[in-house]
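The next block holds one structure in the form of structure tokens; read it before the comments.
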There are 2 protein chains.
Amino acid sequence: MEQIRRAYRRESEETRREALISATQSLVAEGGPEAATVRAIAARAGVTPGLIRHYFSSKDDLTRAAYIALIDGMTEKGAEALREADDRPEARLAAFIVASLTPPVVDISAVVLWAGYMHKIRADSELRGVHQGGYLRYRNTLQSLIADLPREVSAARLRRDAIASNAMIDGLWLEGSILPDGFADGEIVATGLLAIGTIVGCDLLSHMKLAKPESAAE
Amino acid sequence: MEQIRRAYRRESEETRREALISATQSLVAEGGPEAATVRAIAARAGVTPGLIRHYFSSKDDLTRAAYIALIDGMTEKGAEALREADDRPEARLAAFIVASLTPPVVDISAVVLWAGYMHKIRADSELRGVHQGGYLRYRNTLQSLIADLPREVSAARLRRDAIASNAMIDGLWLEGSILPDGFADGEIVATGLLAIGTIVGCDLLSHMKLAKPESAAE
DNA sequence: TTCTCAATTATACATGCGTACAACAACGAG
DNA sequence: CTCGTTGTTGTACGCATGTATAATTGAGAA
């Protein structure tokens, strides 16, 4: 009997690493950390299990890369929204909040993926650093957006407002993702804009632009 | 060679179930879901692995029981604080918030434990029901506390304030637990009281009582 | 075309997992 | 004191996991 080997193509290191990281993330998002086995990851990435160890020194190494990619992606989402926003301070803050409180950020898979790495943040000091860096970067962006608002406040008040606004976004992100049926359309976004607006003393709701222009085409 | 069996004591069903659930929770809290194997759980509970299947039909059954116990415990913490609080509305709301934003609720192990069950909430409809029930119970408590405040607002505003306050507590719970070194002592609690106070239009900070009377003895 | 090298596959291995079940012994009933 | 119930132990089984490594083969270099 003939031993036939499966055909394959050689790909660049970048392509393969991205495919493996993406496969890991989607598996964790769908079935939790235990679903992301080397065999399942390889199958989803379209390669055989052995290849993982050619690009990552261990499964743990791949896991770490996948977490770093997740944090980078989440950070990027808000920055993207800011680039497209106009230059009125209220509108910029509102756009940032809207981007953080609508899909694909608000999504049960995103929360499951994020939660799946939770215990590794505690055990692995490098991942803890990545988490902390991502959190502080996000909060600092938020703080500078708040600082640009037309009002005069102390540094302590500014810090407090940024922490509170960040917490409000995180909490609404969780609840809106995990319990999507519990809220009316747009209720999460509206609640976030209203609450953060109250905290920082500005009307953000009227500065809200529709997040997805293409949704008007329905 | 003699085959010696390890000595043991017979215990009540309740004792054993509680021990196994508690062992499961602490293992998940420390090392994530993958650390909670039947062998590890049995060892921590002081029994042999076989006994698990005598009290739970499967490991999944035990996992489910552990999650339900977690949700019940978290719900209970706030109710306990309310029983000890005095009867001024602002003080009651403040006490509830303080209890939710101080240890042992704010704790990295609690977050890791909670996050460890995240993906099961999605896959298991019974657990989803438990989660939803726990969340709504908590938010309704919060809403009735807010409703008792000396102010007149619409039902829609009341609901919105409750959702926002809940999100604020959740977000601060996460951040204070995961990044304890990032905040000064009491900063999380003070931020929560101040922000929720602003949202509902009351001064909660001045109604705050020290959470732990025994901490004054240091 | 032929050669060369490393990207990729395929196979094997030790370990740990959840489960099943028969044997044992603690302890209350009589 | 003896017996019977059943809580508890110990062992075994099949399977999946992460890892190691030899064998192949795609694709650019000469």
Side-chain angles (χ1 to χ4, degrees), chain A residues 1-24 27-28 30-67 116-117 119-120 123-124, chain B residues 1-24 27-28 30-67 116-117 119-120 123-124:
Chain A
M1 49 191 278
E2 293 265 310
Q3 290 285 33
I4 55 160
R5 276 200 157 213
R6 96 184 226 175
Y8 64 91
R9 280 184 44 197
R10 294 188 159 202
E11 298 285 357
S12 71
E13 172 165 352
E14 194 190 355
T15 303
R16 284 275 127 97
R17 290 182 69 97
E18 278 177 8
L20 289 169
I21 287 174
S22 162
T24 304
L27 281 165
V28 174
E30 288 167 23
E34 58 210 48
T37 67
V38 287
R39 286 165 178 81
I41 293 168
R44 183 156 298 192
V47 297
T48 52
L51 196 63
I52 291 180
R53 301 283 321 283
H54 190 261
Y55 288 109
F56 298 93
S57 67
S58 67
K59 191 203 169 185
D60 228 63
D61 190 25
L62 168 56
T63 296
R64 211 169 301 187
Y67 178 72
Y117 289 113
H119 82 275
K120 291 188 187 290
D124 187 322
Chain B
M1 50 191 278
E2 291 266 310
Q3 290 284 33
I4 55 162
R5 280 200 156 214
R6 92 185 230 177
Y8 63 91
R9 282 184 43 198
R10 295 186 159 204
E11 298 284 355
S12 71
E13 172 165 354
E14 194 189 356
T15 303
R16 284 274 127 99
R17 290 182 69 98
E18 278 176 8
L20 290 169
I21 287 174
S22 162
T24 304
L27 282 165
V28 174
E30 287 167 24
E34 58 210 49
T37 68
V38 287
R39 287 166 178 81
I41 293 168
R44 181 156 298 193
V47 297
T48 50
L51 195 63
I52 291 180
R53 300 284 320 285
H54 190 261
Y55 288 108
F56 298 93
S57 67
S58 68
K59 191 203 169 186
D60 228 64
D61 191 25
L62 168 55
T63 297
R64 211 169 301 188
Y67 177 73
Y117 289 113
H119 82 275
K120 292 189 186 289
D124 187 322

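None of the values given here were measured: they were computed from a predicted structure. Quick note on labels: first sequence line is chain A, next is B, and so on, each numbered from 1.
B:Arg5 has no side-chain polar atom (N or O) that falls below the 4.0 Å cut-off from OP1 or OP2 of D:dT9. OP1 or OP2 of C:dA26 has not a single side-chain nitrogen or oxygen of B:Arg9 nearer than 4.0 Å. The phosphate of C:dA7 has neither OP1 nor OP2 within less than 4.0 Å of any side-chain N or O from A:Tyr55. Distances shorter than 4.0 Å separate some side-chain N or O of B:Arg16 from OP1 or OP2 on D:dT8. At the phosphate of C:dA7, OP1 or OP2 sits under 4.0 Å from a side-chain N or O atom of A:His54.
For B:Phe56 and C:dG18, the CZ to C1' distance is 16 Å, given to the nearest whole Å. Separating the OH atom of A:Tyr8 from the C1' atom of D:dG26 is a distance of 5 Å, rounded to the nearest angstrom.
Heavy atoms of B:Glu13 sit nowhere under 4.0 angstrom from any nucleic acid atom.
If you check distances only, the side chain of A:Arg10 never reaches the base of C:dT8 with a donor-acceptor pair under 3.5 Å.
The two residues A:Arg39 and A:Pro49 have their closest heavy-atom pair at CG-CG, 4.0 Å. For the pair B:Pro33 and A:His119, the tightest heavy-atom approach, listed with the atom from each and the gap, is CD-ND1, 4.1 Å. Taking all atoms of both residues into account, the shortest heavy-atom contact from B:Asp61 to B:Phe56 is OD2-CA, 3.7 Å. Across all their heavy atoms, A:Val28 and A:Ala36 have their closest contact at CG2-CB, 3.7 Å.
Side-chain contact between A:Thr48 and A:Arg6 is present, with at least one heavy-atom pair separated by less than 4.5 Å. Side chains of A:Tyr117 and A:Thr63 form a contact here, defined as non-hydrogen atoms less than 4.5 Å apart.
With values rounded to the nearest 0.5 angstrom, A:Leu51 atom CG is found 6.0 Å from A:Arg16 atom CZ. Here OG1 of B:Thr24 is found 15.5 Å from OH of B:Tyr67. Values are rounded to the nearest 0.5 Å. To the nearest 0.5 angstrom, B:Leu20 atom CG is 12.0 Å from B:His54 atom NE2.
Within residues 58-67 of chain A, no residue places a heavy atom under 4.0 Å from DNA chain C. Residues from residues 32-53 of chain A placing a heavy atom under 4.0 Å of any atom in DNA chain C, listed by number, are A:Val47, A:Thr48, A:Gly50, A:Leu51.
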